[in-house]
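One structure is given below, encoded as structure tokens.
As the structure is a prediction and not an experimental result, all values here were calculated from the model.
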Protein chains: 2
Amino acid sequence: MAEFDTRLRILDAAEVLFTEHGFEATTLRQITGAAAVNLAAVNYHFGSKEALIREVFRRRLTWLNQQRLKELDRLEAEAGDSPVKPSRILEVFFGVALRMAADTEGGGRTFMRLLGRTYTKPSEFVSGFLAGEYAAVIARFKAALIRALPNVPGEEILWRFHFMLGAMSYAISGADALHIVDEAALDDGDTEALYARLMSFMLGGLRAPLPVLRRKSAKPARVRKVA
Amino acid sequence: MAEFDTRLRILDAAEVLFTEHGFEATTLRQITGAAAVNLAAVNYHFGSKEALIREVFRRRLTWLNQQRLKELDRLEAEAGDSPVKPSRILEVFFGVALRMAADTEGGGRTFMRLLGRTYTKPSEFVSGFLAGEYAAVIARFKAALIRALPNVPGEEILWRFHFMLGAMSYAISGADALHIVDEAALDDGDTEALYARLMSFMLGGLRAPLPVLRRKSAKPARVRKVA
DNA sequence: GTCTATATCGGGATAGAC
DNA sequence: GTCTATCCCGATATAGAC
């Protein structure tokens with residue numbers, strides 16, 4: 001097997017095992033065993049276990065975010081001067097992710113489950129990396145949503161976006177987690193249905209009446225930055 | 001320090017460290033070091049690291065779920081024969097959790113962050129345990145929601161409940177994760193505000209128009225169970 | 001119940017032959 | 001680029017004195 005192959009085999013095996021058992025619990029011996037390559041290959045190709053972890057994220061994440069930006073570009077070009085509809089914006093951001101998560105064979109599904117979990121507790125050495133990969137994308141989508149929903153304060157949009165990420169993460173974790181909630185085997189194999197369910201839930205949440213925020217005790221009201 | 005104290009000190013320290021670094025990455029040396037007790041104390045008091053992990057969950061989770069059931073009991077008693085409002089149901093289930101998460105000093109906040117993350121990827125030896133702790137609670141709340149929302153199919157309610165758990169988990173992870181999304185420091189210290197934001201988002205999602213589910217290809221339409 | 005000291009294991013990483 | 005063999009470390013767990 002060529003060297004190129006070895007690299008890929010390691011990445012694929014690592015992705016699966018990290019998702020299954022977490023970073024720390026996964027050993028290089030397990031990875032190289034599953035990939036049917038030599039133990040020393042990881043350090044040869046990636047330098048260290050940490051570097052391997054980063055690469056597992058990088059290869060999928062850059063592609064994912066490029067897709068998102070490309071589709072948003074197209075959407076905004078089509079819309080011209082008028083703002084893009086919120087539903088379309090969400091469809092792009094989460095649709096790309098869910099389509100990746102639906103890709104059982106290519107490993108996309110595995111990766112998205114890993115990503116959702118890592119997001120809430122990034123080890124020090126991935127958090128900075130993740131932030132870098134996401135920064136531009138979030139900025140663009142946030143701006144688009146703010147344009148699309150002029151009545152909702154930017155801060156609220158950000159929180160709701162955050163909540164949506166959580167909903168998506170759990171949606172992708174799917175039945176694995178759901179059977180804690182209910183023994184009835186909910187079919188999470190039907191991606192179309194899951195997508196539709198999640199999207200209607202999110203749109204409902206995004207457009208929900210604004211919460212009544214009571215001013216905090218003594219703090220004087222501050223002028224909000226113009227969005 | 002008395003033996004009772006030692007046990008508690010270990011539990012508290014473990015909770016913090018597990019939340020911070022995960023189960024695998026946290027060593028007994030770190031735990032006993034932080035707790036200022038002897039290394040051997042963990043095995044004396046709990047038997048093993050795994051047993052310690054389970055106990056970290058058990059002590060908080062049973063209390064949490066007892067509160068939920070108690071408050072739901074009260075709500076249903078007050079409502080008599082009429083169904084309880086969905087918003088009240090959510091307020092109980094998630095309110096109890098968020099109040100616990102707001103308890104910075106008692107360690108509730110730490111624990112809820114840990115719980116949210118564990119839910120999507122329970123190690124084999126906690127998943128069964130978690131399911132057991134949750135089963136009765138979920139059943140009760142699911143039933144209450146189905147009564148409250150007769151127009152929404154039970155299956156949809158379950159999915160939306162699942163999405164809500166995700167939103168809550170991310171809400172509690174809070175700013176730690178949010179600053180991946182946006183550098184602007186969103187104030188997640190204001191529990192009241194967070195609670196209001198999350199609740200309006202969830203209610204919007206729960207009451208959203210039902211998704212249009214296209215029948216799957218060849219499968220004939222089945223009669224749905226009566227809710 | 002608490003401690004020190006230690007047994008035993010398995011981890012990541014690397015040296016050096018092929 | 002790939003392999004074997006090995007280094008070195010730190011993990012959990014326990015034995016046995018106090």
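The existence of a salt bridge linking B/Glu71 and B/Arg88 is excluded, since no basic side-chain nitrogen approaches an acidic carboxylate oxygen closer than 4.0 Å.
The backbone N or O of A/Val126 sits nowhere less than 3.5 Å from a side-chain atom of A/Ser123 that would complete a donor-acceptor pair. In this structure a side-chain-to-backbone donor-acceptor pair under 3.5 Å is missing from A/Ser127 to A/Pro122.
Rounded to whole Å, atom C1' of D/dC3 lies 13 Å from atom CD1 of A/Ile10. Residue A/Phe23 contributes atom CZ, which lies 14 Å from atom P of C/dG12 at whole-angstrom precision. For the pair A/Phe46 CZ and C/dT14 C1', the computed distance is 18 Å after rounding to whole Å. Going from atom CG of B/Asn43 over to atom P of D/dA13 covers 5 Å, rounded to whole Å. Rounded to a whole Å, the CG atom of A/Asp5 is 14 Å from the C1' atom of D/dT2. For A/Arg7 and D/dT2, the CZ to P distance is 12 Å, given to the nearest whole Å. A straight line from OH of B/Tyr44 to C1' of D/dG16 spans 15 Å, rounded to a whole angstrom.
Contacts of A/Arg54 classified as side-chain hydrogen bond (donor to acceptor under 3.5 Å, both in side chains), with partners at least two apart in sequence or in another chain: none. Partners of B/Arg68 under the side-chain hydrogen bond (donor to acceptor under 3.5 Å, both in side chains) rule, at least two apart in sequence or in another chain, are B/Asn65.
Side-chain contact between B/Phe125 and B/Ile53 is present, with heavy atoms from C-beta onward closer than 4.5 Å.
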Shorter than 3.5 Å, N or O on both sides, protein versus nucleotides 6-11 of chain D: list them out with atom names.
none

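Between A/Asn38 and D/dG1 there is no side-chain N or O to OP1 or OP2 distance below 4.0 Å.
A/Ala40 comes within contact range of at least one nucleobase, with a heavy-atom separation under 4.0 Å.
Of the candidate nucleotides C/dT2, D/dA13, D/dT2, C/dT2 has the atom lying nearest to any side-chain atom of B/Thr6.
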